[in-house]
Amino acid sequence: MILLDGKKTANDIKNEIAVKVANLVAGGGKKPHLAAILVGGDGASETYVNAKVKACNKVGFDSTLVRFNANVSEKKLLAEVKKINDNSDIDGLIVQLPLPAHIDELKVTEAINPIKDVDGFHPANIGRMVLNLPTYLPATPAGILELLDRYKIETSGKHCVVIGRSHIVGAPMSILMARNNNPGNCTVTLTHSRTKNLKEITKTADILIVALGKAEFVTADMVKDGVCIIDVGITRVKSDKTKSGWKLLGDVAFDEVSKKSSFITPVPGGVGPMTIAMLLKNTLVSTDKLLY
Ligand code: NAP
């Protein structure tokens with residue numbers, strides 16, 4: 001079994017990006033600049049945004065964090081998006097999701113200029129992804145492709161099973177694994193909560209990508225020998241063995257499933273760090289303005 005080390009791979013990517021930024025600046029270019037909008041004080045969102053800003057600083061990007069109270073009006077938020085769209089110094093913009101219930105997430109996502117949409121969530125960019133055109137790929141699926149690529153895992157002709165069909169992970173992942181490209185060229189089965197006989201399907205997977213958000217859902221009896229496992233899930237559970245009093249679990253029962261796997265991502269330290277690295281990669285590309 002080979003552990004797919006997302007932490008190390010993400011650090012390699014960050015170092016590569018830092019060199020590119022240094023060269024860009026040495027050549028008289030401007031630093032890539034990412035703006036992030038955070039609405040409300042939700043703990044997880046705060047943690048994610050802070051990690052993104054910190055990562056920007058680490059690779060030499062400029063970053064701007066705009067904070068709003070949870071009760072900010074949709075109009076005010078849209079006005080800020082427009083302001084950042086119109087600011088030529090800012091290359092990439094992300095609005096941390098989820099947004100409070102009174103704000104229409106799709107409306108906000110659609111308000112972002114697609115050329116600055118480094119999360120790759122704008123319908124225009126999703127459309128370009130489906131058509132296999134140059135675009136910003138959503139960071140988590142892009143990070144998984146990068147891991148498969150860097151570990152030279154063969155995907156062509158394989159059966160890839162994806163559990164979960166969210167707009168940010170499962171659905172785009174299934175499209176990317178089926179595209180005529182490398183990594184890609186899999187035969188893909190996309191499964192979800194209404195799928196019947198899930199275990200019969202997962203047992204036929206050469207590559208199993210799990211993103212449903214239920215701790216240790218995939219057990220050894222659900223996979224075949226030699227499977228490649230990509231565990232996207234992150235669930236915080238109480239633990240009396242850690243100083244913080246909690247620990248993170250993936251969607252895969254790692255100890256038993258890893259024994260049957262050829263490759264497997266750990267949680268933490270697998271897909272999570274790759275997601276941030278891919279956001280940085282998209283932001284670097286956004287300075288080019290030549291994507292479309
Ligand atoms: P989500 O929006 O909650 O979607 C979950 C999906 O799983 C849905 O499509 C749901 O089916 C499906 N599902 C639920 N129960 C199922 C079952 N028993 N059998 C089969 N499918 C089932 O989740 P998400 O946003 O994609 O996130 C999934 C997990 O990944 C979470 O733990 C999240 O924290 C984590 N995550 C990690 C990263 C990272 O960077 N590592 C990034 C994003 C998300 P229906 O569509 O039928 O409801």
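Indexing begins at 1, ligand by ligand and atom by atom, following the structure's order. Only heavy atoms go into these numbers, but all of them, side chains included; no hydrogens, no water, no symmetry mates. Here the structure is a predicted model, which is why all the values come from computation and not from measurement.
- Nearest protein heavy-atom contact of atom 25 (O) of ligand 1 is I168 CD1, 3.8 Å.
- You'll find the side chain of V227 stays beyond 4.5 Å of the side chain of D206, heavy atoms only.
- Donor-acceptor pairing under 3.5 Å is lacking for the side chains of T109 and H122.
- Given atom 19 (N) of ligand 1, the protein heavy atom at minimum distance is F217 CZ, 3.8 Å.
- In terms of polar-atom proximity, Y48 is not counted as a contact of ligand 1, lacking any N or O under 3.5 Å from an N or O of the ligand.
- Looking at K214 against ligand 1, only its side chain comes within 4.0 Å, counting heavy atoms.
- Under a 3.5 Å cut-off, the side chain of R165 and the backbone N or O of V169 do not form any donor-acceptor pair.
- Under a 4.0 angstrom heavy-atom cut-off, I163 registers as being in contact with ligand 1.
- Within the 4.5 Å cutoff, the side chain of V108 has heavy atoms near those of the L77 side chain.
- In T140, the part holding a heavy atom less than 4.0 Å from any atom of ligand 1 is the side chain.
- Applying the side chain to side chain donor-acceptor pair (under 3.5 Å) criterion to R67, with sequence neighbours excluded, gives E46.
- Between K199 and D221, at least one side-chain N (NZ, or NE/NH1/NH2) sits under 4.0 Å from a carboxylate O, which counts as a salt bridge.
- The protein heavy-atom contact nearest to atom 21 (N) of ligand 1 is H192 C, 3.1 Å.
- Donor-acceptor pairing under 3.5 Å is recorded for the side chains of H33 and D89.
- Counting heavy atoms closer than 4.0 Å to ligand 1, residue V232 contributes atoms from both its backbone and its side chain.
- Side-chain contact annotation: D91 with T287, donor-acceptor N/O pair under 3.5 Å absent.
- Contact of the V271 side chain with the D231 side chain is not registered, since no non-hydrogen atoms from C-beta on lie closer than 4.5 Å.
- Residues forming a salt bridge (Lys or Arg N to Asp or Glu O under 4.0 Å) with K54 (at least two apart in sequence, or on another chain): none.
- Of all the listed residues (A171, S166, G6), S166 holds the heavy atom that lies closest to atom 24 (P) of ligand 1.
- For atom 44 (C) of ligand 1, the closest non-hydrogen atom of the protein is V169 CG2, 4.0 Å.
- In terms of protein heavy atoms, atom 13 (N) of ligand 1 is closest to L212 CB, 3.8 Å.
- For atom 41 (N) of ligand 1, the nearest protein heavy atom lies closer than 4.0 Å.
- Contact annotation: the side chain of W246 approaches that of R236 to within less than 4.5 Å [non-hydrogen atoms, C-beta and beyond].
- The shortest side-chain heavy-atom distance between V210 and I230 does not fall under the 4.5 Å cut-off.
- Inclusion of R194 in the set of residues having an N or O under 3.5 Å from an N or O of ligand 1 is not warranted.
- Nearest to atom 22 (C) of ligand 1 by heavy atom, out of G233, S193, G164, is S193.
- Using 4.0 Å as the threshold, A211 has a heavy atom nearer than that to some atom of ligand 1.
- Heavy atoms of I234 come nearer than 4.0 angstrom to ligand 1 in at least one pair.
- When each atom of ligand 1 is checked for a heavy atom of T275 under 4.0 Å away, the hits are 39 (C), 40 (O).
- With respect to atom 29 (C) of ligand 1, the closest heavy atom belonging to the protein is G213 N, 3.6 Å.
- The G272 neighbourhood of ligand 1 comprises atoms 40 (O), 41 (N), with distances under 4.0 Å to a heavy atom of that residue.
- Closest to atom 46 (O) of ligand 1 among all protein heavy atoms lies R165 NE, 2.7 Å.
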